[in-house]
Amino acid sequence: ARDERGVDATLLAPLEHLAKTGEAPEERAAALAGLTRAHRGRATELARVALRSSAPAECAQAIASLLAVGGARHREALLQRLLATTDPLAFATMLDAFQAPLSEPLADRCAALAADAAAPIAARTSAAIALAHASSQRAAPLLRDVFMVADADSAPRLARALLAHAAAAPTLARLFEGDLAVAKAPDHWLALLRAGHPEARRTLLQRLADDTLPTAELAAVLTVVRHGEVLATPRVPDRKSTRLNSSHLVISYAVFCLK
């Protein structure tokens, strides 16, 4: 039987039960997500309860559910919950789910966390990206700083944010402090290539054609191009010039392999 929204009513009770009594926070969060899509009225009270959870994943889903259900009506309570969270990784998990405008205190908290060299990279990444949605100018230097020390998991998110929230793509010299050796930071080069950084693509294209390139550097360039353009669909804007540049890079890689 389906209700007036076309939702299978037989699914609502099991989802509600799992959201209340699931053994793992991830199970409760997944059930709450499903219930939010199926029946917002039933999800609201459960989300309020989940918001008090000590499990970041469950609390993050509570934030997402309350924003989906009530939007601005719940924003102030959610802001307070975020500001009350002291653990950086828990804060980052919830911050990723908070798809709403930041208050000034929350923006200040994000800026401080992104600038904290002792904080986990994942937390600094989420904080810098959230701040970028509120103030691109304020976030720009923080995004660059965190990108320079990012790990393989965080670098792709930061590379996309660097391009999405800047009037112009930051130069490679600024991102790498003048040291453009691909072998020293292959994960960062791969992230920039997949994000569609134009200078990164041009530089890799030039190095593929450089017969004097040291062996280690050439191997790093080939690996980045192979994973960024040959084996995966690059995440780039759909512009003719960029598509042509990408094609040239793949062709150059193929020509090098044929040699």
Side-chain angles (χ1 to χ4, degrees), residues 12 14-139 142-143 145-146 150 153-154 157-158 160-161 164-165:
L12 297 180
L15 280 173
E16 188 171 357
H17 178 74
L18 186 58
K20 290 178 179 178
T21 64
E23 291 186 6
E26 293 77 13
E27 290 178 348
R28 297 193 297 271
L32 179 57
L35 194 61
T36 302
R37 292 190 293 270
H39 196 293
R40 293 188 171 191
R42 293 194 185 189
T44 303
E45 188 56 37
L46 288 172
R48 290 195 182 105
V49 174
L51 190 62
R52 299 192 292 270
S53 171
S54 60
E58 188 174 16
C59 196
Q61 182 54 55
I63 290 174
S65 293
L66 288 171
L67 287 173
V69 171
R73 289 191 294 111
H74 298 297
R75 179 173 176 267
E76 188 57 36
L78 298 178
L79 286 169
Q80 294 306 314
R81 179 66 175 89
L82 275 164
L83 289 171
T85 302
T86 57
D87 179 80
L89 289 175
F91 175 77
T93 300
M94 293 188 291
L95 186 63
D96 288 340
F98 187 75
Q99 300 299 311
L102 305 185
S103 64
E104 186 173 343
L106 186 55
D108 290 342
R109 173 82 177 276
C110 287
L113 179 56
D116 184 359
I121 288 297
R124 297 181 67 191
T125 296
S126 292
I129 291 174
L131 184 63
H133 289 292
S135 173
S136 297
Q137 184 175 3
R138 186 180 185 185
L142 293 170
L143 286 170
D145 289 347
V146 180
D153 292 328
S154 297
R157 294 183 64 199
L158 290 161
R160 292 193 294 271
H165 297 286

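Note that this is a predicted model, so its numbers are computed, not measured.
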Minimum heavy-atom distance between Met94 and Cys59, given as atom pair plus value
SD-SG, 3.0 Å
Whether the side chain of Arg124 engages the backbone of Asp145 through a donor-acceptor N/O pair (distance < 3.5 Å, no angle test) should be reported.
no
Please report the shortest heavy-atom distance between Gly34 and Leu15, naming the atom on each side.
C-CD1, 4.0 Å
All heavy atoms of Ala122 vs all of Leu89, minimum pair found to be CB-CD2, 4.0 Å
On a heavy-atom basis, the closest approach of Pro56 and Ala90 is CG-CB, 3.7 Å
Judged by atom type as modelled, is there a donor-acceptor pair below 3.5 Å linking the side chain of Arg28 to the main-chain atoms of Glu58?
no
pair Leu46-Glu16: side-chain heavy atoms closer than 4.5 Å
yes
Kindly indicate whether the side chain of His133, heavy atoms from C-beta on, has any atom under 4.5 Å from the side chain of Gln99.
no
Nearest 0.5 Å, what's the CZ-CG distance between Arg109 and Leu83?
6.5 Å
Sub-4.5 Å side-chain heavy-atom contact between Leu78 and Leu51
yes
Could you grab the distance from atom CZ of Arg75 to atom CD of Gln80, nearest 0.5 Å is fine?
10.5 Å
Taking all non-hydrogen atoms of both residues, which atom of Leu95 and which atom of Ala127 are closest, and how far apart?
CD2-CA, 3.8 Å
Go through the side-chain N and O atoms of Arg81 and Thr85 and say whether any donor and acceptor fall under 3.5 Å apart.
yes
How many angstroms lie between CD1 in Ile129 and CG in Leu158, if you round to the nearest 0.5 Å?
5.0 Å
Can you give me the closest heavy-atom contact between Leu113 and Pro88, atom names plus distance?
CD1-CB, 4.1 Å
Taking the side chain as C-beta and beyond, is there a heavy-atom pair between Phe91 and Thr86 under 4.5 Å?
no
Which is it for Ser154 and Val146 under the side-chain contact (heavy atoms from CB on, under 4.5 Å) test, yes or no, and what are the steps along the way?
CA-CA 9 Å; Ser154 297; Val146 180; over 6 Å; no
Can you measure from CG (Leu142) to CG (Asp116) and round to the nearest 0.5 angstrom?
11.5 Å
Could you list the residues that satisfy side chain to side chain donor-acceptor pair (under 3.5 Å) with Arg157, not counting sequence neighbours?
Asp96, Ser126
How long is the gap from OG on Ser65 to CZ on Arg37, to the nearest 0.5 Å?
9.0 Å
Atom pair CZ (Arg138) and CG (Leu131), whose distance is rounded to the nearest 0.5 Å
5.5 Å
